[in-house]
Amino acid sequence: MQNQSTAFDPLAADAAHLVRTAGDDELLSLVGDLEEHGRRIDALRVTAAAEVAHRSRRELESAALSAKKGCRNASELMQRMTGASGRTVEVWLRLGKRLHGRTTLIGVEGPAEFPTVALALIEGRLGIDKACAIVSVLTPALTAASLDAVAIAESALVQDAPDFTADEVRIQAMVWRAAIDPDGIEPSEERAMASRGIRLGRVRDGIVPISGDLMPEVAGGQKRL
C-alpha cells in the first residue's frame, strides 16, 4: 500500500479512481501526497504571479507585459490567463511581492522581505494559506521592530508550521507580533480586551455548549487535542 501511495501521480489518468478505491489508511496517505503536490504547484503560481507583476510594473508603461496583452495591470492579466477570481490572484500577487523582493529604481529585484517563508514555500514545506498567515501578520512589524526580531519570529513560525493548521499558525504569528512589536498592537488589543469572554449556551442533553473569544497569547498557548 505504502509503495503505491509513494508513487502516486495526481496527473495520471486513473488518479481519481485510485483515490475513490483506496482503503482508509491509503486514502489519508494520498491526501498527504496530494497536499504536497499542491503546495509545490501553489509555490509556482506565486512565483509566476510575482514575475508577471515584475514585468508589468507601471514604470515600463507601454512595454509592460500587461499593457502589451491589452490588460490594465498584472492582476487583470493573471485573471484572464488563469480564470481565477480577482481575490485569488491578489493573494498570489501580495504574497509574491513579499517573498520575491521589491523592484529597485533600476529594475532589479531586491532581497525578499521573508526569505525563510519563500524558501519553505518553494520547497513544498509550506502552503499558501500558512505562508499568508505568517506574512500578513508580521508585515506591519517590518517598519516597527528590528529586522533581526522579525527574522527570528519568521524562522520559528516556519519551523513549527507543519504541526499546525493555517488558522493556528496565524494565532502563533499574532503572539510573535505582540512580542516583537507590542506598541503596534495596542489599539487593537484594547478592543480585543473589551470583547473577550466566554458565552454559555442552553443545556442540551446534559451538556452546556460554550463559545467565546480569547486573546492571541491565550489561544496560542492552548495545546491541540
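The first residue of the sequence shown is numbered 1, and numbering continues consecutively from there. Just so it is clear, the model here is predicted, and its values are computed rather than measured.
- Shortest non-hydrogen contact noted between Ala120 and Val158 is CB-CG1, 3.7 Å.
- Of all heavy-atom pairs between Ala63 and Lys68, the closest is O-CE, 3.5 Å.
- To the nearest 0.5 Å, the span separating CG on Leu27 from CG on Leu34 amounts to 9.0 Å.
- With rounding to the nearest 0.5 Å, the separation of CD in Glu26 from OG1 in Thr21 is 7.5 Å.
- Side-chain N or O atoms of His100 include one that pairs as donor or acceptor with a backbone N or O of Gly96 at under 3.5 Å.
- Using modelled atom types, one side-chain atom of Lys130 and one backbone atom of Ala161 make a donor-acceptor pair closer than 3.5 Å.
- The main-chain N or O of Arg72 is found under 3.5 Å from a side-chain atom of Glu76 such that the two form a donor-acceptor pair.
- For the salt bridge (charged side-chain N to carboxylate O under 4.0 Å, His left out) with Glu113, the lone residue among Lys97, Arg94, Arg98 that qualifies is Arg98.
- Trp176 contributes atom CH2, which lies 11.5 Å from atom CD of Glu154 (distance to the nearest 0.5 angstrom).
- Here the shortest heavy-atom pairing between Ala173 and Ala133 reads CB-O, 4.1 Å.
- Hydrophobic clustering (ILVMFWY, side-chain heavy atoms < 4.5 Å, transitive): Leu142 and Val135 are in one cluster.
- Within 6.0 Å of CG in Asp25 there are 12 or fewer heavy atoms belonging to other residues, nucleotides or ligands.
- Among all heavy-atom pairs drawn from Val117 and Leu126, the shortest one is CG1-CD2, 3.8 Å.
- Within the 3.5 Å criterion, the main-chain N or O of Cys132 finds a donor-acceptor partner in the side chain of Ser136.
- In this structure, CG in Leu147 is found 11.5 Å from CD1 in Ile152, a value given to the nearest 0.5 Å.
- Both Met81 and Val89 belong to a single network of hydrophobic side chains, linked directly or stepwise wherever heavy atoms of I, L, V, M, F, W or Y lie under 4.5 Å apart.
- The NZ atom of Lys69 lies 6.5 Å from the CG atom of Leu65; values are rounded to the nearest 0.5 Å.
- Every residue two or more places apart in sequence or in another chain that forms a side-chain contact (heavy atoms from CB on, under 4.5 Å) with Thr88 is listed here: Ala84, Ser85, Trp92.
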Worksheet item: Passes salt bridge (charged side-chain N to carboxylate O under 4.0 Å, His left out), Arg170 versus Asp167? Steps please.
Response: CA-CA 5 Å; Arg170 183 176 295 276; Asp167 289 336; 5.4 Å; no

Item to complete: Please test Arg20 against His17 for side-chain contact (heavy atoms from CB on, under 4.5 Å), starting from the C-alpha separation and ending with a verdict.
Response: CA-CA 5 Å; Arg20 289 195 300 267; His17 174 74; 4.2 Å; yes

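- Linking Ile, Leu, Val, Met, Phe, Trp and Tyr residues whenever their side-chain heavy atoms come within less than 4.5 Å places Phe114 and Phe164 in a single cluster.
- Rounding to the nearest 0.5 Å gives a distance of 7.0 Å between CZ of Arg45 and CD1 of Ile128.
- A pairwise comparison of heavy atoms in Ala74 and Ser56 identifies CB-CB, 4.0 Å as the closest pair.
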Worksheet item: Could you walk me through whether Gln79 and Ser75 pass the side chain to side chain donor-acceptor pair (under 3.5 Å) check?
Response: CA-CA 6 Å; Gln79 289 176 56; Ser75 178; 3.0 Å; yes

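- Between Val46 and Val91 the shortest side-chain heavy-atom distance does not fall below 4.5 Å.
- Remark: side-chain polar atoms of Arg39 are not paired, donor with acceptor, to backbone N or O of Gly127 under 3.5 angstrom.
- With a 6.0 Å radius and a threshold of 12 heavy atoms from other residues, nucleotides or ligands, Asp14 has its CG atom above the threshold.
- Nearest heavy-atom pair, Asp181 versus Pro140, reported as atom, atom and distance to 0.1 Å: OD2-O, 4.3 Å.
- More than 12 non-hydrogen atoms from other residues, nucleotides or ligands lie less than 6.0 angstrom from CZ of Arg125.
- At distances below 3.5 Å, not a single donor-acceptor pair connects side-chain atoms of Glu36 with backbone N or O atoms of Asp33.
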Practice prompt. Give the C-alpha distance, both sets of side-chain angles, the deciding distance and a yes or no for side-chain contact (heavy atoms from CB on, under 4.5 Å) between Val169 and Asp129.
Written response: CA-CA 9 Å; Val169 169; Asp129 288 347; over 6 Å; no

